[in-house]
Every structure is written in structure tokens, then in C-alpha cells.
Q: 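Can you read through this structure? Questions will come right after.
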Amino acid sequence: MKKILAIDGGGIRGIVPGQVLVALEQKLQAKSGRPDARLADFFDFFAGTSTGAILSSIYLCPAAGSPTKARFSAQQAVDLYVQNGGSIFSVSVWKRIESGNGILDEKYDAAALEKALGTYFGDLPLSQLLRPCLVPAYDIEHRRAHFFAQHNPGLYGPSYDFRVRDVCRATSAAPTYFEAARIQSLTNETYALIDGSVFANNPALSAFSEVCNAQGGPTTADLFIVSLGTGGQHAPYSYATAKNWGAAGWVRPLIDIMMDGAAETTDYHLSRLFMASGHRDQYVRIQPENLGGASAAIDDASPANIRALVELGTATARKFDAQLERIAATVLADGPDPVTFAFAAPVAAQ
């Protein structure tokens, strides 16, 4: 069985799935008797959008001098947000005025985010991550979805390889929050990209289709998907208020609605696919339905909100403990597939 881990986008709310995965990793360590076990030891394929891509990449980052072992624990992944969230989402009074709070220009300077990514990943190439993974972004110059994939350099050549820090910067370039990312492949092809959340905030369906197109053609019977959200936000927009919004009024609400709608649509389709095939238990979605005392804002990195998000993530792990036990038992059954995924390039691209 191919085991897939997919993580939604959601800015600082990435703390929530991050804490859930801390709990899962602890279960895997206890059950396997390996205190140094990591998530990458048990899942075959990873997918992440925006903050989910950052988490996934940290889980898959190889240890220095040991390219087959994971460098970071799940807790160290969460630490990126806890320790750096305040600086990443810091804005001066002048920047707030100049940008119109994100309406006239990007709300935040990306320097702090880029520094944090550089600290974790250095110059690590995407192709050297420990497992196949998929990261969506959107190419604004060619007007098309762009999927970074750890396995693509092997299929198409080095022009499809990128620095991990640039991949994470591109997929987290949320419109109005950070400026679009201009990045280069390792062979110097240039791309202008924004956050993959604009079309695939929940990357689980993209991961499903990617794995199903590997040689051997896995189906729902052969897959086990664990999909984690960053917390549902269902604060209503009243008709009386929204009916008079123009472009400026709709900018932020539309981004929130688009991200939530994309994630919920993916969950709907995967639930139906696995149910129709008689393998309902092989798709697990963990998503807190409300944020409790935490803010819905993807950029609220105040100390109080970071504490609230950590508490929410911990509470979510407790609430879904039975599911986490089942996930641990399933992925421990045989560990990752020892046979590397045999992805094939489309005929036209060969």
C-alpha cells in the first residue's frame, strides 16, 4: 500500500497540522521502539501547499552526512513557526500605510521568511529530498499551474530541479501578503510564481492523481491518504455587507473563500472516490472544524495567537487520537515501499 501525507496551506495556522504530526511521530516512535524515527520513515509520498509545503520539506530534509536519514523532527518543523512567525509576519507602521494594509502593495517584506527558509534548507536541491513529493504554485507569466516534484529532475532533467528554499518561497507567496516570487531552476530558467493555494490549497487530490500515474497504476485499493487541514474558518460574511463590496472590499474575503472552497472541494472528491470504491477507511482527513480561541488570520503571529494555535493543534491531536492510532498502525504495517516510485514522463515530453 502506498502511503501519502498531504498538508494544506494556511500561513501561521500551519502550527495546527504541525502539532498533530508531532503527536503522530511520537506514536510512531513509541510503537516502533525507535526514538529517532521520523515521519519520512513511514510515508511513501508527501504533498504540501504553502505552509504545508514548508512542513513537508522540513520532514524530508536529509541529515548532513547521512542522505537517507531525516534531519529534523516534527517538533523542529513546528519550531520554525513558533520561533520565526513573529518576524516573518512583522510589519512596520510605514509599510502598513504604504501598502494600504496589503491592498496597494504586499503587506510583508519576504526577507524574514527567506532567511528562515535558508536556515533550514541552505542550498539543498529539491531532487535530494528523502521521498517523492509534490508542491503546487501558480505561474503568473505563463498563466498555468506549476507543480514542483522531487521526482521531476529524474524524468525531465536538471532544468526541473530547484533549491528547496525557492520552492517553499514560491508556493507561500500569498497574494497581498508577500510579493510574487521570481526564482530560478538549477539551470537558470526563471519563473514568476505565487501561492499554490489559489487553486490547490488542499494538495491531497493532486497527490492522488500523481501517484495513480506512477507505473503500475495504483488505485484507491492500493492507497492510504492522510490529509491534514489548518483549521476551518466559517465566520460568515453577511449579505447586507458583502452586496456593496467592490474590488477592494472583496480582496481579502475572496482569498479566504477561495482557499477554504478549494480545500473542501478536494476533501469532497476524495471522500466520494474512496467511498465509491469500497475503501472509505483508506482516506483520513483531520481538520478542526473551528479555531477555538485562535485567530482565523493566516498572518496573526502574535505570541498569544501562536500559543492558541499550539493549544489548538494539541487539542486536535487528542480529539483525533483514535484516527492517529489507526494511522500509526497502518503505516507501521510495512513501512515505506522499498521499491522507488516508477514515475513515467508523458510521451510528448520524452
Q: To the nearest 0.5 Å, what is the distance between CG on Leu324 and CD on Glu25?
A: 12.5 Å

Q: Report the C-alpha distance between Asn305 and Ser295 in whole Å, list the side-chain angles of each, state the deciding distance to 0.1 Å, and finish with yes or no for side-chain hydrogen bond (donor to acceptor under 3.5 Å, both in side chains).
A: CA-CA 7 Å; Asn305 196 52; Ser295 168; 4.7 Å; no

Q: What class does the angle between the rings of Trp245 and Tyr237 fall in, given that below 30° is parallel, 30 to 60° is tilted and above 60° is perpendicular?
A: perpendicular

Q: With sequence neighbours left out, which residue pairs that include part of residues 48-72 fulfil the salt bridge (Lys or Arg N to Asp or Glu O under 4.0 Å) condition?
A: none

Q: Can any side-chain N or O of Gln29 pair as donor or acceptor with the backbone N or O of Arg34 at less than 3.5 Å?
A: no

Q: Would a 4.5 Å heavy-atom cut-off, applied to side chains only, mark Ile4 and Phe43 as touching?
A: no

Q: Looking only at the side chains, is there a donor atom on one of Glu264 and Thr266 sitting less than 3.5 Å from an acceptor on the other?
A: no

Q: Is any side-chain heavy atom of Leu228 closer than 4.5 Å to one of Val226?
A: yes

Q: Are side-chain N/O atoms of Ser90 and Ser87 paired as donor and acceptor at under 3.5 Å?
A: no

Q: Looking at every non-hydrogen atom in both residues, tell me the closest pair between Ala170 and Ile183 and how far apart they are.
A: CB-CD1, 4.2 Å

Q: Of all the heavy-atom pairs spanning Ala40 and Ala70, show the shortest one and how long it is.
A: CB-CB, 4.4 Å

Q: Applying side-chain contact (heavy atoms from CB on, under 4.5 Å) to Ser57 and Val167, what does each step give before you reach the verdict?
A: CA-CA 9 Å; Ser57 298; Val167 171; 5.7 Å; no

Q: Taking the six-membered ring for Trp, are Phe89 and Tyr108 parallel (under 30°), tilted (30 to 60°) or perpendicular (over 60°)?
A: perpendicular

Q: Please report the shortest heavy-atom distance between Ile194 and Ala180, naming the atom on each side.
A: CG2-CB, 3.8 Å

Q: Could you state the interatomic distance from CG (Leu273) to CG (Leu205), rounded to the nearest 0.5 Å?
A: 7.0 Å

Q: Rounded to the nearest 0.5 Å, how far apart are CZ of Arg131 and OG of Ser56?
A: 13.5 Å

Q: Would you confirm whether Gln150, through its side chain, and Leu134, through its main-chain N or O, come within 3.5 Å as a donor-acceptor pair?
A: no

Q: Tell me the closest heavy-atom pair linking Phe45 and His151, and the distance in Å.
A: CE1-CE1, 3.9 Å

Q: Using every non-hydrogen atom in the two residues, find where Ala301 and Gly85 come nearest and quote the distance to one decimal.
A: CB-O, 3.2 Å

Q: Of all heavy-atom pairs between Phe224 and Arg326, which one has the smallest distance, and what is that distance?
A: CE1-NH1, 4.1 Å

Q: Do Leu332 and Phe320 share a hydrophobic cluster, counting only Ile, Leu, Val, Met, Phe, Trp and Tyr and linking them when any side-chain heavy atoms are less than 4.5 Å apart?
A: yes

Q: Should Leu124 and Leu130 be regarded as members of a common hydrophobic cluster, given that ILVMFWY residues are connected when their side-chain heavy atoms come within less than 4.5 Å of each other, either directly or indirectly?
A: yes

Q: Are Thr51 and Tyr81 linked by a side-chain donor-acceptor pair shorter than 3.5 Å?
A: yes

Q: Is the shortest side-chain heavy-atom distance between Ser227 and Leu270 below 4.5 Å?
A: no

Q: Could Glu325 and Lys27 be called an ion pair, given the rule that one side-chain N must be under 4.0 Å from one carboxylate O?
A: yes

Q: Taking the side chain as every heavy atom from C-beta outward, state whether Thr171 and Thr49 have any pair of such atoms under 4.5 Å apart.
A: yes

Q: Would you please test Met275 and Arg280 for side-chain contact (heavy atoms from CB on, under 4.5 Å) and show each step?
A: CA-CA 5 Å; Met275 188 182 300; Arg280 182 176 183 176; 4.0 Å; yes

Q: Considering only NZ, NE, NH1 and NH2 on the basic side and carboxylate oxygens on the acidic side, decide whether Asp299 and Lys107 come within less than 4.0 Å.
A: yes

Q: May I ask you to decide if Met1's main-chain N or O and Lys3's side chain share a donor-acceptor pair within less than 3.5 Å?
A: yes

Q: I'd like to know if Lys2 and Asp222 make a salt bridge, using a cut-off of under 4.0 Å between side-chain N and carboxylate O.
A: no

Q: So among Tyr138, Tyr160, Phe162, Tyr191, which one has a ring pair (Phe, Tyr, Trp, His ring centres under 6.0 Å) with Phe148?
A: Phe162

Q: When rounded to the nearest 0.5 angstrom, what is the spacing between CG in Leu21 and CD1 in Ile58?
A: 11.5 Å

Q: Looking at CG of Asp109 and CD of Glu179, how far apart are the two atoms once the value is rounded to the nearest 0.5 Å?
A: 7.5 Å

Q: State plainly whether the residues Glu289 and Lys319 are in salt-bridge range, i.e. N to O under 4.0 Å.
A: no

Q: Mark yes or no for whether Gln184, through its side chain, and Thr190, through its backbone, hold a donor-acceptor pair below 3.5 Å.
A: no

Q: Pair Val284, Ile225 - check side-chain contact (heavy atoms from CB on, under 4.5 Å), show working.
A: CA-CA 6 Å; Val284 181; Ile225 299 180; over 6 Å; no

Q: Can you find a heavy atom in the side chain of Pro175 that is under 4.5 Å from one in the side chain of Val198?
A: yes

Q: Any non-hydrogen side-chain atom of His146 less than 4.5 Å from a side-chain atom of Leu193?
A: yes

Q: Between Arg169 and Arg163, does the side-chain contact (heavy atoms from CB on, under 4.5 Å) criterion hold? Intermediate values first, please.
A: CA-CA 10 Å; Arg169 170 69 178 89; Arg163 292 179 180 84; over 6 Å; no

Q: Check the angle between the aromatic planes of Phe147 and Phe199 and answer parallel, tilted or perpendicular using the 30° and 60° thresholds.
A: perpendicular

Q: From Asp161 CG over to Thr187 OG1, what is the distance, rounded to the nearest 0.5 angstrom?
A: 8.5 Å

Q: Which label fits Tyr283 and Phe274: parallel for a plane angle under 30°, tilted from 30 to 60°, or perpendicular past 60°?
A: parallel

Q: Could you go through the salt bridge (charged side-chain N to carboxylate O under 4.0 Å, His left out) check for Glu114 and Arg165 one step at a time?
A: CA-CA 7 Å; Glu114 292 169 356; Arg165 68 171 190 255; over 6 Å; no

Q: Would the distance check show the side chain of Asp41 and the main-chain N or O of Ala37 forming a donor-acceptor pair, the cut-off being under 3.5 Å?
A: no

Q: Find out whether Pro67 and Gln128 are in side-chain contact, i.e. whether some heavy atom of one side chain is under 4.5 Å from a heavy atom of the other.
A: no

Q: Please check if the number of heavy atoms outside Arg272 that lie under 6.0 Å from its CZ is greater than 12.
A: no

Q: So that I can tick it off, tell me whether Arg13 and Asp8 are bridged by a salt bridge, with the cut-off set at under 4.0 angstrom between side-chain N and carboxylate O.
A: no

Q: May I ask you to test the Phe178-Ile88 pair for a side-chain heavy-atom distance under 4.5 Å?
A: yes

